[in-house]
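One structure is given below, encoded as structure tokens.
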2 protein chains.
Amino acid sequence: MIATELLEKYGALSKSFNKSETIFEEGKSPTHYYQILSGEVKMNNFNDDGREFIQGFFNKGQSFGEPPLFLNRVYPANAIAVEDTELLCISKDNFMKLLSENPSVSLKIIENLAQRLHYKSVMAAEISTHEPEHRVLRLIDYSITYFNFKEDKNGHRIDLTRQQIGDLTGLRVETVIRAIKSLEKKGTLKIINRKVYR
Amino acid sequence: MIATELLEKYGALSKSFNKSETIFEEGKSPTHYYQILSGEVKMNNFNDDGREFIQGFFNKGQSFGEPPLFLNRVYPANAIAVEDTELLCISKDNFMKLLSENPSVSLKIIENLAQRLHYKSVMAAEISTHEPEHRVLRLIDYSITYFNFKEDKNGHRIDLTRQQIGDLTGLRVETVIRAIKSLEKKGTLKIINRKVYR
DNA sequence: CTTAATTTATGACTGAAATCATAAGGGTAA
DNA sequence: TTACCCTTATGATTTCAGTCATAAATTAAG
């Protein structure tokens, strides 16, 4: 996260997106650096059958879509506002200028990329070699530290639908539902009022 | 890649590893920044059944294992020399000092992490939602630009065994063999002398 | 040079997750 | 308030990749 004032000093402008609106599309060239002022964004892909894969969710204060900016490559995924969202946008040129004139910001970017790379490494190994229950549980545990799900007396409330968990782990809804049921039976997690707690 | 002289200025030392020797293990805390002088390194995970997943290969000039260094986290995977390898190693503290005193190096690190994140994004979507043939072909195409496989009159020679392709895409050897056979039948790639060309 | 291990290969069989079908509860938009 | 869609749910069926078995070709090791 880069300080709002610093971004504004380099000409950042805020832009609003309605729920479900597309921010950028897979295959397009990046033009801006984006940071979330409010709302939530997801990055995803669709295969030929229209099946979705969710690369990740991004919340207030987080940036997204930088890698292609640094590589002069096209976006490998779409970015979509999952609720009404306000973004701070700064053009690629201005962003690069900001970076070169403010070395301490680089470290923030590095930490951010490192964190996302870490998540991807963990999930890649999970998706490739583990059975559904393991994958679902690992995603849940990771999301507890990664997103900040609130904790109450029942534990952490996992604010993801079964469908979203499926799209994050490469599983079908029905499989996720059955996996969660089975994990509950084993006492690994709780289902209260259809919501998952851990 | 950071210039050898610069690394040495900050106390980097070279270290040799024999083929199959472990450089670091999953779950351990990072202590050094590593850059390859010669040889090849792979990062991998094993699931409970001993099934391997290869996170990636790293060659001369490349660094690996930085994310946990920046996050104060443990390694999410193992690093193993796939052939006799010589590394340039610099302690975490010295590396951080180098970074803060040489801002231009940060951009190199950022580009490196961005590239790896890009690869992971592409492969995650592939592994999650596409059938074997698609996954194998995508890995091959990505590896052509990512590694530098040499090109001759038959095309790019894919220097990966069927087993390695399987471990990179989360498929079993037999499935990879059949997928490659099928892709050859369709004329998508060539098999000459058991080697894959594209 | 011989032996052992790895790699590619193919066929038969199995099983786990995907698919299909259906339904009820909950939220929300008109 | 109603109608519609999303979410959770469950059972039956199918399918495709995994598994198992076996073998030849090639490479690496002793």
Side-chain angles (χ1 to χ4, degrees), chain A residues 18-20 42 47-54 80 82-84 126-137 139-140 157-185 189-197, chain B residues 18-21 40 42 47-54 80-84 126-140 157-185 189-197:
Chain A
N18 294 323
K19 183 177 174 176
S20 302
K42 78 171 165 185
N47 76 357
D48 307 330
D49 305 335
R51 186 169 166 193
E52 183 176 4
F53 174 72
I54 299 176
I80 295 164
V82 292
E83 50 189 63
D84 290 354
E126 278 296 318
I127 289 173
S128 302
T129 60
H130 287 92
E131 37 343 324
E133 282 183 38
H134 202 281
R135 280 151 81 166
V136 168
L137 192 60
L139 174 78
I140 286 174
R157 185 191 142 111
I158 309 305
D159 248 329
L160 293 168
T161 66
R162 313 283 196 274
Q163 181 66 64
Q164 288 173 329
I165 293 174
D167 292 342
L168 283 160
T169 54
L171 297 167
R172 313 256 70 175
V173 214
E174 298 95 323
T175 306
V176 173
I177 288 168
R178 291 188 246 255
I180 288 176
K181 277 271 155 77
S182 166
L183 287 167
E184 189 205 20
K185 210 161 285 173
L189 44 77
K190 277 178 266 184
I191 304 178
I192 299 165
N193 228 320
R194 312 167 116 219
K195 276 285 156 200
V196 178
Y197 289 83
Chain B
N18 294 324
K19 184 177 174 175
S20 303
E21 209 177 330
E40 188 173 26
K42 78 171 167 185
N47 76 357
D48 307 330
D49 305 335
R51 186 169 165 195
E52 183 176 5
F53 174 72
I54 299 177
I80 296 164
V82 292
E83 49 189 62
D84 288 355
E126 277 297 319
I127 290 173
S128 301
T129 61
H130 288 92
E131 29 355 317
E133 282 184 36
H134 202 282
R135 280 152 81 165
V136 168
L137 191 59
R138 193 58 165 283
L139 174 79
I140 287 174
R157 186 191 141 111
I158 309 305
D159 249 329
L160 293 168
T161 67
R162 313 285 196 273
Q163 182 66 63
Q164 288 173 328
I165 293 175
D167 292 342
L168 283 160
T169 54
L171 297 167
R172 314 256 67 174
V173 213
E174 298 95 322
T175 305
V176 173
I177 288 168
R178 290 188 247 255
I180 288 176
K181 276 272 153 77
S182 166
L183 287 167
E184 189 206 19
K185 212 161 282 172
L189 45 76
K190 279 179 265 184
I191 305 178
I192 299 165
N193 229 321
R194 314 169 113 219
K195 276 287 158 199
V196 178
Y197 288 83

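Chain identifiers are assigned alphabetically (A, B, ...) following the order of the sequence lines, protein sequences preceding nucleic acid strands; residue numbering begins at 1 within each chain. Source: prediction; values computed, not measured. Both backbone and side-chain heavy atoms feed into the values below; hydrogens, waters and symmetry mates do not.
The interatomic distance linking N18(B) (CG) with dA28(D) (P) rounds to 17 Å, in whole Å. With rounding to whole Å, D49(B) atom CG is found 11 Å from dC20(D) atom P. Summarising the geometry, the separation between CG on D167(A) and C1' on dC6(D) is reported as 13 Å, rounded to the nearest angstrom. We find that CD of E52(B) is positioned 13 Å from P of dT6(C), with the value rounded to whole Å. The CG atom of L160(A) sits 18 Å away from the P atom of dC6(D) (whole-angstrom rounding). Computed from coordinates, the I158(B) CD1 to dT7(C) P distance equals 17 Å when rounded to whole Å. Here the P atom of nucleotide dG27(C) and the NZ atom of K19(A) are 14 Å apart, to the nearest Å. One atom, CG of L171(B), and another, C1' of dT8(C), lie 16 Å apart when rounded to the nearest Å.
Within the 4.0 angstrom heavy-atom criterion, only backbone atoms of the sugar-phosphate kind lie near G170(A); the bases stay farther away. In this structure, E174(B) reaches the bases: a heavy-atom distance under 4.0 Å links it to at least one base atom across the strands shown.
Looking at the side chain of R194(B), the nearest of the listed nucleotides dA9(C), dT8(C), dA17(C) is dT8(C). In the set dA17(D), dG11(D), dA17(C), the nucleotide with an atom closest to the side chain of R178(A) is dG11(D). Counting only heavy atoms from C-beta on, R172(A) has its side chain closest to dT19(C) among dA17(D), dT19(C), dT10(D). Counting only heavy atoms from C-beta on, T175(A) has its side chain closest to dA18(C) among dA18(C), dT8(D), dT19(D). Among the nucleotides dA17(C), dA9(D), dG18(D), the one closest to any side-chain atom of E131(A) is dA17(C). Among the nucleotides dT8(D), dT8(C), dG18(D), the one closest to any side-chain atom of T161(B) is dT8(C). Comparing atom distances between the I191(B) side chain and each of dA9(C), dA18(C), dA17(D) picks out dA9(C) as nearest.
Looking at S182(A) and E133(A), their side chains do bring a donor and an acceptor atom within 3.5 Å of each other.
Judged by distance alone, with hydrogens and angles left aside, the side-chain atoms of N47(B) form a donor-acceptor pair with the main-chain N or O of G50(B) at under 3.5 Å. Side chain of D167(A) to main chain of I54(A): no donor-acceptor pair is present (N/O by atom type, distance under 3.5 Å, no hydrogens or angles).
Along DNA chain C, the nucleotide closest to R135(A) and the one closest to N193(A) are compared, and the more 5′ of them pairs with R135(A). Summary of the strand contacts: Q163(A) and R51(B) both lie near DNA chain D, and taking for each the nucleotide with the nearest heavy atom, the more 5' one is attributed to Q163(A).
Taking side-chain N and O atoms only, K181(A) has no distance below 4.0 Å to OP1 or OP2 of dT8(D). R162(A) has no side-chain polar atom (N or O) that falls below the 4.0 Å cut-off from OP1 or OP2 of dT7(D).
The shortest non-hydrogen separation linking A179(B) to V136(B) is CB-CG2, 4.2 Å.
The pair E126(A)-R135(A) does not meet the salt-bridge criterion, since no charged nitrogen lies less than 4.0 angstrom from a carboxylate oxygen. By the 4.0 Å N-to-carboxylate-O rule, E83(B) lies too far from K42(B) to be salt-bridged with it.
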